[in-house]
Amino acid sequence: MLSLFAGAFLASQAFAINNGLARTPQMGWNNWNSLGCDVSQDLLLDTSRILLDSGLRDVGYQYVVLDDCWSDGRGKDGYIRSDLKKFPNGMKWVAKQLHDMGFLYGMYSSAGEMTCARYEGSLDHEDQDAETWASWDVDYLKYDNCYHRGRFGYPEISFNRYNKMAKALNSTGRPILYSLCSWGEDYVHTWGMSIANSWRVSGDIYDHFNRPDTLCSCDDPRDPHCVAPGAHCSVMNIINRVAPFVDRGQYGGWNDLDMLEVGQGGMTDEEYKAHFSMWAALKSPLLIGADLRKLSSTTLTILNNPAIIAVNQDPIGRSALRIFRDQEVKKDRYGQGEIQIWSGPLWPHDQLVVFLNAADEDLEMTTNLNDIFVHLGPEGSAPQTKLEFDIYDLWADRMEDFKAEQILQGNNQYKKDWYNSTETPYKVGLQQGDVRLLGKRVGSIGPQHDALRAKVPRHGVRMFRLRNLNEPAARYSSTKDEL
Ligand SMILES: *[C@@H]1O[C@H](CO)[C@@H](O)[C@H](O)[C@H]1NC(C)=O
Ligand SMILES: *[C@@H]1O[C@H](CO)[C@@H](O)[C@H](O)[C@H]1NC(C)=O
């Protein structure tokens with residue numbers, strides 16, 4: 001069956017970078033989308049406190065990642081210095097505070113002579129900088145692509161530039177998650193997994209669902225000549241760009257669809273749910289980008305849905321694939337509009353189905369077992385089409401707003417309801433059939449009753465887990481170690 005096959009296949013490829021990290025996509029927070037250069041030690045500590053108190057750390061958001069603008073030149077010895085006005089106690093002290101709260105600490109640089117905001121870059125200083133970060137007890141590096149002195153344009157050139165840092169990080173002896181940010185350039189999805197834990201697939205995201213923007217070039221993902229990925233890329237633009245190579249994500253290395261915009265204010269609630277769901281289904285790292293000091297209860301109830309996060313952190317680690325796309329639907333004033341269906345395996349032998357409605361109206365969408373399993377055998381020949389599945393709606397048990405509001409106000413009464421992945425990792429929760437990871441059973445599907453049908457709101461998703469009734473999870477327990 002697919003899950004066993006996928007497990008065996010991946011076992012042989014696993015940990016190409018071999019630092020033991022990112023066995024599932026990394027989760028955390030990064031300041032860039034909401035705060036840009038406005039960084040300080042207080043920001044990191046305040047944010048960590050909120051992640052902890054709101055329960056977000058314990059649904060999985062573990063990395064607190066500092067983006068650009070933290071440094072203050074290099075000393076005569078060539079070593080990079082942190083800005084003591086923004087970080088008066090120094091970076092090692094910050095790392096200690098974060099570690100004491102149960103977080104991991106992320107740091108930023110660029111594989112160029114300068115960072116994007118024109119601070120010191122690490123090009124040709126790789127060993128010194130890696131050594132510095134390791135000495136500060138840093139656990140993560142986001143490595144950007146600005147001011148690279150023309151060292152790009154062909155995969156091998158970019159590979160060599162980024163591989164220098166991979167080697168430098170490795171030789172520190174400290175496991176440091178390596179997150180490439182080369183904007184999808186030079187076919188990074190064909191080589192990123194051999195040196196890094198994740199690689200960006202596009203220009204920078206912006207806070208819109210599908211609005212095209214001239215700053216986001218490369219609108220046609222099949223255009224091999226596009227070398228300027230740009231910025232202001234919408235959620236739908238990024239999904240369509242990564243669609244042809246979503247399968248490149250695997251244990252230890254993931255397609256990075258960029259940091260989340262959830263909670264930033266530019267999209268509707270349905271659009272943010274769709275954004276978050278698709279990032280989860282496509283096994284992207286989940287880095288919250290909002291300013292958590294202004295976290296709203298509604299935003300919290302998207303980011304803390306354990307049934308969606310369990311899809312992202314699934315032990316099989318395979319992205320959903322696009323099994324259906326229709327562009328002949330109602331378009332908006334920008335000429336945008338389409339619907340898509342995505343599906344993929346979930347541990348132990350469940351199946352994910354996502355209806356994505358990017359048309360300019362609410363629609364009913366439908367699929368069946370033949371279409372869902374078509375890649376395992378055409379026209380209903382896949383064995384799965386003969387099975388019975390329970391259907392679980394993964395958004396049905398979204399936390400009520402008033403509970404989230406209580407949590408944000410420090411009322412601990414609701415803490416007992418939270419899924420705690422620090423205590424019970426997602427794989428264990430799934431093994432135990434924890435209802436918080438399954439959502440709500442809404443029906444079943446099998447050879448006798450053949451359609452999965454749902455109303456999908458405009459710019460929204462419906463996300464379902466199909467649970468195989470014929471093969472209890474226990475049957476697969478002997479394979480759990482290799483997964
Ligand atoms: C460095 O690379 C080697 C060989 O791939 C690997 O065994 C080791 O775990 C790596 N160490 C770190 C700290 O990443
Ligand atoms: C989750 O579990 C850990 C480990 O037992 C505990 O320290 C933490 O307080 C728990 N988190 C919540 C939100 O209850």
Side-chain angles (χ1 to χ4, degrees), residues 11-23 26-29 47-64 95 97-107 126-127 129-141 143 159 162-180 191-198 250-253 288 292 295 297 300-301 303-306 309-310 313 399 403-429 432 434 436-437:
S12 63
Q13 299 219 335
F15 309 127
I17 178 177
N18 218 359
N19 62 5
L21 301 173
R23 295 193 66 168
Q26 67 266 28
M27 296 176 63
W29 173 86
T47 299
S48 304
R49 177 51 59 192
I50 297 165
L51 285 166
L52 197 59
D53 292 344
S54 62
L56 288 170
R57 184 199 73 179
D58 292 321
V59 289
Y61 298 95
Q62 286 189 344
Y63 285 97
V64 173
Q97 306 308 303
L98 297 185
H99 291 156
D100 286 352
M101 282 193 264
F103 291 100
L104 295 160
Y105 188 25
M107 178 59 64
E126 289 86 354
D127 289 318
D129 288 357
E131 194 191 312
T132 301
W133 298 320
S135 78
W136 291 343
D137 300 331
V138 162
D139 308 293
Y140 184 115
L141 175 67
Y143 203 36
F159 173 86
Y162 280 95
N163 192 29
K164 264 188 96 174
M165 184 57 85
K167 288 186 167 153
L169 292 174
N170 180 277
S171 60
T172 66
R174 184 178 175 82
I176 297 179
L177 193 153
Y178 188 30
S179 158
L180 299 194
W191 50 266
M193 65 287 287
S194 62
I195 57 169
N197 297 110
S198 63
Q250 58 178 34
Y251 300 132
I288 299 169
L292 293 183
L295 177 63
S297 52
L300 180 59
T301 64
L303 296 173
N304 74 2
N305 184 339
I309 298 172
Q313 299 292 304
M399 180 184 275
K403 272 194 192 177
E405 191 55 52
Q406 291 297 309
I407 287 169
L408 290 177
Q409 285 172 15
N411 182 346
N412 289 340
Q413 185 190 339
Y414 295 102
K415 281 198 172 181
K416 58 181 182 343
D417 295 344
W418 297 349
Y419 188 78
N420 191 334
S421 70
T422 309
E423 221 160 53
T424 314
Y426 283 100
K427 185 165 147 183
V428 176
Q432 297 169 348
D434 191 308
R436 291 167 296 184
L437 304 186

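Because only heavy atoms are used, hydrogens play no part in the values below, and waters and symmetry mates are left out as well, while side chains stay in. Both ligands and their constituent atoms are indexed starting at 1 by order of listing. Keep in mind it's a predicted model, so treat the numbers as computed, not measured.
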Do [X] and [Y] come close enough that some side-chain heavy atom pair is under 4.5 Å?
X	Y	result
Val59	Tyr426	yes
Leu56	Leu300	yes
Arg174	Asp137	yes

Main-chain N/O of Asp139 paired with Tyr63 side-chain donor or acceptor, under 3.5 Å: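 Not a single qualifying donor-acceptor pair exists.
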Side-chain donor or acceptor of Tyr140 paired with backbone N/O of Val64 under 3.5 Å: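 Pair absent, no side-chain N/O of Tyr140 close to backbone of Val64.
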N or O contact, Arg174 vs ligand 1, cut-off under 3.5 Å: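 The answer is no, given that Arg174 and ligand 1 share no N or O pair closer than 3.5 Å.
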Ring pair (Phe, Tyr, Trp, His ring centres under 6.0 Å) partners for Phe103, two or more places apart: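 In terms of ring pair (Phe, Tyr, Trp, His ring centres under 6.0 Å), with neighbours along the sequence ignored, Phe103 is linked to no residue.
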Salt bridge (Lys or Arg N to Asp or Glu O under 4.0 Å) evaluation trace for Lys164 with Asp127: CA-CA 8 Å; Lys164 264 188 96 174; Asp127 289 318; over 6 Å; no
Gln26-Ser198 side chain donor-acceptor pair, cut-off 3.5 Å: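 Checked: Gln26/Ser198 side chains pair up, N/O donor to acceptor below 3.5 Å.
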Polar pairs, ligand 2 vs protein, N/O only, below 3.5 Å.
residue  : atom   : partner : partner atom : Å
ligand 2 : 2 (O)  : Asn420  : OD1          : 3.3
ligand 2 : 2 (O)  : Asn420  : ND2          : 2.4
ligand 2 : 2 (O)  : Glu423  : OE2          : 3.4
ligand 2 : 5 (O)  : Glu423  : OE2          : 2.9
ligand 2 : 11 (N) : Asp58   : OD2          : 2.6
ligand 2 : 11 (N) : Asn420  : ND2          : 2.9

Against heavy atoms of [X], which atoms of ligand 1 measure under 4.0 Å?
X	value
Asn18	4 (C), 5 (O), 6 (C), 7 (O), 8 (C), 9 (O), 10 (C)
Gly173	13 (C)
Asn19	14 (O)

